S.K.: 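Below you will find the structure I want to go over with you.
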Amino acid sequence: MSEHICAEIVPIFEQLDHDELLKISSLVVHHHFQKGEVILSPNTPSQLVIVAAGAAKSYQLSASGKEQLLSVLDAGDFEGEKNLFGVQNQELYVETLKNSAVCTIATSEFQQLLENYPSIALKLLKSNAEKIAALEKQNQLLNHDSVEQRLATYLLDLAKIKNNDQIVLPMKLKELASFLGTTPETISRKLHIFSDRALINQERHTITIKDSTALEELKNA
DNA sequence: ACATTAAGCTGTA
DNA sequence: TACAGCTTAATGT
């Protein structure tokens, strides 16, 4: 497993020259985690975690103690940046979905870095704004009162993002269920209902939207 | 209308 | 064939 990839693959470190990358690499600690390990929680030290290879999920716990999925982190994605600005992490968890290579940067050292390289702070800001936009969208999703509305909205949004009526679900149904605030069983049933009504075609994780107008009506019902 | 529980099915290593 | 992921059905809230 390569030991010096993090700084090069992360978007916020793009466009830095070789010397700058070297300085960052000296602050980075490399780890390897098995599938299912919790790598960031309210109990772990304050740090930025970067997924170098593999995948992880970030989530918070609901009142009843269940996972509420926030996002799936693939290679190059990171989480915990609010730790870097002195915000105490009280609710955020990050757990590996596969065996993964993960890099961490401690808060104190990163603050030093931000002072020396303001361009990194700007990229972090942009990335953070995008993350907030995604969370606002999910918040809007969860405000729809029925699962059918939430699922219809999600599918239409995904098709819009990909600019294609044929979409591939980016996560397991179990995770999609958590993302939409429901159960895998209900997701499975609703997808079948949509298929029966000829709103979509489903072949495993590949879904083709056949009647977007009907789905639009459903989500606004 | 949806969750929970339990059991059965299917693809993949 | 053992396991994870998904589905189906029965029952509960």
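What you see is a predicted model, and the numbers here were worked out from it, not measured in a lab. By convention in this document, chain letters (A, B, ...) are assigned in the order of the sequence lines, proteins followed by strands, and residues within each chain are numbered from 1.
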S.K.: Could you tell me how far apart I187(A) (CD1) and dG5(C) (P) are, to the nearest whole angstrom?
M.R.: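 From I187(A) CD1 to dG5(C) P: 16 Å.
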S.K.: Tell me: CZ of R204(A) to C1' of dT12(B), nearest whole Å?
M.R.: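 Rounding to the nearest Å, CZ of R204(A) and C1' of dT12(B) are 9 Å apart.
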S.K.: Checking contacts here: which listed nucleotide (dT8(C), dA4(C), dC2(B)) is nearest the side-chain heavy atoms of S188(A)?
M.R.: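 Of the options given, the side chain of S188(A) lies nearest dT8(C).
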S.K.: L173(A) CG to dA4(C) C1': how many Å, rounded?
M.R.: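 My rounded result for the distance is 13 Å.
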S.K.: Looking at side-chain heavy atoms only, is the closest gap between L142(A) and Q68(A) below 4.5 Å?
M.R.: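 Yes, close enough: below the 4.5 Å cut-off.
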S.K.: Would you mind classifying the nucleic acid contact of R189(A) as base, sugar-phosphate or nothing, using non-hydrogen atoms under 4.0 angstrom?
M.R.: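 Base, at least one base atom sits under 4.0 Å.
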S.K.: Can Y59(A) and E95(A) be counted as having a side-chain donor-acceptor contact under 3.5 angstrom?
M.R.: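 There is such a pair between these side chains.
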S.K.: Does any part of the side chain of L151(A), heavy atoms only, come nearer than 4.5 Å to the side chain of T182(A), both counted from C-beta?
M.R.: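 In short, these two side chains do not touch, never coming nearer than 4.5 Å.
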S.K.: Anything under 30° is parallel, anything over 60° is perpendicular, the rest tilted; go ahead and classify Y154(A) against F179(A).
M.R.: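 Perpendicular.
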S.K.: In whole Å, I'd like the distance from the NE2 atom of H144(A) to the P atom of dA1(B).
M.R.: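 Rounded to whole Å, this separation is 17 Å.
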S.K.: Quick check for you: among dA4(C), dA3(B), dC2(B), whose closest atom lies nearest to any side-chain atom of K66(A)?
M.R.: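 Looking only at side-chain atoms, K66(A) lies closest to dA3(B).
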S.K.: Send over the distance from K57(A) NZ to dG5(C) P, rounded to a whole Å.
M.R.: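 So the NZ-P distance, K57(A) to dG5(C), works out to 10 Å.
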S.K.: Assess whether side-chain hydrogen bond (donor to acceptor under 3.5 Å, both in side chains) is satisfied between H31(A) and T104(A), documenting all intermediate values.
M.R.: CA-CA 8 Å; H31(A) 307 267; T104(A) 61; 3.0 Å; yes
S.K.: Grab the CG-P distance between L218(A) and dA1(B) for me, whole Å please.
M.R.: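 Going from CG in L218(A) over to P in dA1(B) covers 11 Å.
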S.K.: Return the value, rounded to whole Å, for the distance between atom CG of L191(A) and atom P of dG5(C).
M.R.: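 It is 17 Å, rounded to the nearest whole Å.
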S.K.: Which listed nucleotide (dC2(B), dA6(B), dG5(C)) is nearest to the side chain of E185(A)?
M.R.: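 Of the options given, the side chain of E185(A) lies nearest dA6(B).
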S.K.: Nearest to the side chain of T183(A) - dT7(C), dA3(B), dA4(C)?
M.R.: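 Of the options given, the side chain of T183(A) lies nearest dA3(B).
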S.K.: Are any of K174(A)'s side-chain N or O atoms less than 4.0 Å away from OP1 or OP2 of dG5(C)?
M.R.: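 So the side-chain polar atoms of K174(A) never come under 4.0 Å of the phosphate oxygens OP1 or OP2 of dG5(C).
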S.K.: Strictly below 4.0 Å: does H205(A) bring a side-chain N or O up to OP1 or OP2 of dC6(C)?
M.R.: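 Yes, such a contact exists.
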S.K.: If the cut-off is 4.0 Å, is K190(A) near the phosphate of dA1(B), judged by side-chain N/O to OP1 or OP2?
M.R.: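 No.
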S.K.: Nearest to the side chain of H192(A), heavy atoms from C-beta on, is which of dT7(C), dG11(B), dC2(B)?
M.R.: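 That would be dT7(C).
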S.K.: In whole angstroms, how far is the P atom of dG5(C) from the CD atom of E175(A)?
M.R.: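 In whole Å, dG5(C) P and E175(A) CD are 8 Å from each other.
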S.K.: Does T186(A) put a side-chain nitrogen or oxygen below 4.0 Å from OP1 or OP2 of dA3(B)?
M.R.: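 True: T186(A) side-chain N/O within range (under 4.0 Å) of dA3(B) OP1/OP2.
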